[in-house]
Amino acid sequence: MANNTPQAVRGTQDIFGADAEAFAFVVETFERVRKLYRFRRAEMPVFEKTEVFSRPLGETTDVVSKEMYSFEDRGGESLTLRPEFTAGIARAYLTNGWQQHAPLKLATHGPLFRYERPQKGRYRQFHQINAEILGAGEPQADVELLAMADQLLKELGIDDGVTLQLNTLGDPESREAWRAALVEYFSGHKDALSEDSQERLVKNPLRILDSKDRGDMAIVAGAPAIDDFLTDEARDFFAAVTSGLDAAGVQYERNPRLVRGFDYYRHTAFEFVTDRLGAQGTVLGGGRYDGLIETLGGPHTPSVGWAAGIERLAMLVGEKGESRVEIAIAAESRDREADAASAVAMFRRMGISTELFASGSPRKRYDKARKAEPGVLVSMDVRDGKDVQNWLVTLPEIDRQEEAFQAFLARWDIPDDNSL
RNA sequence: GCGAUCGUAGCUCAGUUGGUUAGAGCGCCGGUUUGUGGUACCGGAGGUCGGGGGUUCAAGACCCCUCGAUCGCCCCA
């Protein structure tokens, strides 16, 4: 049957029914909250010149060479399907002169692409909601962004079991000093480290801190903490962020081992995590990326942002049923199909959601309509050569029930003993 | 890129230590009850058992390869 049908590409998904409703609920809630915080909408292209994404990443070979969906267009130019929002936003900020709007609060959402092996909560085409504040160097920006994320999760009803983990990576001096201390420390324990972490020691030493290897975790417990390497300025910045969160009533947990892999990150780093999503515990993550825009040839532009996977949020949101049909109309006789269609059109024009049941065996249409669990079930039939209709209200009653009933009565008779 | 588990009708699954024309429930389609009715009855469509090769008198069941799915590792912007 399906042996001649092309299959969907690995890691892509078709979302439908309850899952699609949960997905839409996440997006709608995000849109509402983003307006509350006065973030402006922006839409960026789904693909960019490859360097938009590769330049900020520097020489992180794995990510650039293995994780990006890159291809050449007909002109021989290397293009890449966006693996994240931030770089594209930064590019748009520069090429459109959005500096004039700084500090600029932007929100967007849509599909992203990463060439990964799919697993729970990870897809090759996935979707994120995203919020950024560009051109804002004050800790207050971090606080506002986090407060927004916090409120979003609450309004999604998933704050229970999700905790905000917060850390600072300091300014470049702090970060470099910490990094050097970590390399020294881990080098001293090199033989005890897992194979993976021995590689990380060379490629990305900070990442040893979130190793999943039990042996590594024991060593990590004794590793130097960032706090001992913060400059006064970096310490003050972080203190301003935490006191701002306290003032805003945002709960958080300090995680001194939370890190970011790329050099453009500065100061605040955060993740909202849960243990309910298998290996993918991060529900929403972000941080301050003061160094990013310079890598794209722009002026120093301190900025903060976060992103969250819509699929992951949707999994936590739980079942979201499709909305109830307000009116279902069953044409129980073929001779009443035109009437039923006309009634359906009338209700829909009134702004009432209506479904028509006029296909298949006429005898079974009533049962089908009944199974749709409508607020009002209208039957249209022919008995003893006469047109007959019935109006059945189920509980809870729909809004504007009486109005709909009167509109129907104006065109079709309903005997007293059959009405309501 | 690596590993584990899995792959039978649209969906959820059953198919004994390999043995004759591959099943059920739900759904779908048609019909019956001349019916105010969601739950009853009858019938029907739909599967080359993911694909290819092999072992065997015989394979949905065993072996190999391949494709796909799920979960995990690596990576995580």
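Here the structure is a predicted model, which means the values were calculated and not measured. Letters A, B, ... are given to chains in the order of the sequence lines, protein chains preceding strands, and every chain is numbered from 1.
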Measure the CD-OG distance between A/E199 and A/S194 for me, rounded to the nearest 0.5 Å. 9.5 Å
More 5' along RNA chain B: A/K364 or A/E271, using each one's nearest nucleotide? A/K364
Give the intermediate values and the outcome of side-chain hydrogen bond (donor to acceptor under 3.5 Å, both in side chains) for residues A/E132 and A/T86. CA-CA 8 Å; A/E132 316 272 355; A/T86 309; 2.9 Å; yes
B/C75 phosphate, OP1 or OP2: any side-chain N/O from A/R122 under 4.0 angstrom? no
Whole angstrom is fine here: how far is it from CD in A/Q13 over to C1' in B/A69? 13 Å
Rounded distance in Å between the P positions of B/C13 and B/G31: 33 Å
Can you tell me how far P in B/G60 sits from the matching atom in B/G7, rounded to whole Å? 15 Å
Mind checking the C1' distance from B/G47 to B/C11? Whole angstroms is fine. 14 Å
Given atom OH of A/Y366 and atom C1' of B/U33, what is their separation to the nearest angstrom? 17 Å
Intra- and inter-strand pairing of RNA chain B, written as dot-bracket with Watson-Crick and G-U pairs under 3.5 Å and | for the latter, reads (((((((..((((.....[...)))).(((((.......))))).....(((((..]....))))))))))))....
5' precedence on RNA chain B between A/R383 and A/E67 (nearest-nucleotide basis): A/R383
Against the six-membered ring of A/F229, is A/R175 placed for a cation-pi contact (under 6.0 Å from the centre, within 45° of the normal)? no
Taking NZ in A/K190 as the centre, count heavy atoms belonging to other residues, nucleotides or ligands within less than 6.0 Å. Is the count above 12? no
Atom C1', compared across B/C67 and B/G52: separation rounded to whole Å: 10 Å
Taken to the nearest 0.5 Å, the spacing of A/N130 CG from A/Q128 CD works out to 7.0 Å
B/G27 versus B/U12 - spacing of their P atoms, nearest Å: 15 Å
Nearest-angstrom distance from the residue atom CD of A/E195 to C1' of B/C2: 12 Å
For A/Y265, report the nucleic acid contact type (base, sugar-phosphate, nothing); a contact means any heavy atom under 4.0 Å. sugar-phosphate
Using a 3.5 Å distance criterion without hydrogens, assess whether the side chain of A/R348 forms a donor-acceptor pair with backbone atoms of A/T354. yes
Regarding A/K368 and the six-membered ring of A/F357, is the cationic atom NZ or CZ under 6.0 Å from the ring centre and inside 45° of its axis? no
Would you list the protein and nucleotides 66-68 of chain B atom pairs, both N or O, that sit under 3.5 Å from each other?
| residue | atom | partner | partner atom | Å |
| --- | --- | --- | --- | --- |
| B/G68 | OP2 | A/R10 | NH2 | 3.1 |

Between atom CD of A/E195 and atom CG of A/D213, what is the distance when rounded to the nearest 0.5 Å? 10.5 Å
Distance, C1' atom - from B/G50 to B/C57, rounded to whole angstrom: 28 Å
Is it the case that the base of B/C74 and the side chain of A/R207 share a donor-acceptor contact (distance under 3.5 Å, atom types as modelled)? no
Interface residues of residues 298-309 of chain A with RNA chain B (non-hydrogen, below 4.0 angstrom): none
Once you apply a heavy-atom cut-off of 4.0 Å, does A/S361 come out as touching a base, just sugar-phosphate, or nothing? sugar-phosphate
Return the value, rounded to whole Å, for the distance between atom CD of A/Q119 and atom C1' of B/U70. 10 Å
Between A/R200 and B/C74, is there a side-chain N or O to OP1/OP2 distance below 4.0 Å? yes
Taking only the C1' atom of each, what is the distance from B/G18 to B/C62 in whole angstrom? 8 Å
So what does A/G278 touch, heavy atoms closer than 4.0 Å: a base, only the sugar-phosphate, or nothing? sugar-phosphate
Give me each pair satisfying side chain to side chain donor-acceptor pair (under 3.5 Å) with a member in residues 13-29 of chain A, each pair once, sequence neighbours excluded. A/Q13-A/E311
Whole-Å gap separating P (B/U32) and CG (A/D367): 15 Å
Side chain of A/R117, heavy atoms from C-beta onward: which of B/G3, B/U32, B/G30 has the nearest atom to it? B/G3
Would you tell me if any nitrogen or oxygen in the side chain of A/K66 comes within less than 4.0 Å of OP1 or OP2 on B/G1? no
B/C76 phosphate, OP1 or OP2: any side-chain N/O from A/N204 under 4.0 angstrom? yes
Over 12 non-hydrogen atoms of neighbours within 6.0 angstrom of CZ in A/F47: no
Measure the distance from NZ on A/K212 to C1' on B/G72 and round it to the nearest whole Å. 8 Å
P atom, B/A22 versus B/C49: distance in rounded Å? 10 Å
Is there a donor in the side chain of A/T274 and an acceptor in the side chain of A/R312, or the other way round, less than 3.5 Å apart? no
With sequence neighbours excluded, give me every ring pair (Phe, Tyr, Trp, His ring centres under 6.0 Å) pair touching residues 265-287 of chain A. A/F237-A/H267
Integer-rounded Å distance: B/G31 P and A/R363 CZ: 9 Å
Under the side chain to side chain donor-acceptor pair (under 3.5 Å) definition, can you give me all pairs with a residue in residues 137-146 of chain A, not counting sequence neighbours? A/K105-A/E144, A/D142-A/T268, A/D142-A/R288
Between A/D381 and A/S333, is there a side-chain heavy-atom distance shorter than 4.5 Å? yes
From CG of A/D210 over to C1' of B/C74, roughly how many Å is that when rounded to an integer? 13 Å
What contact category does A/E116 fall into here, base, sugar-phosphate, or nothing, at under 4.0 angstrom with non-hydrogen atoms? base
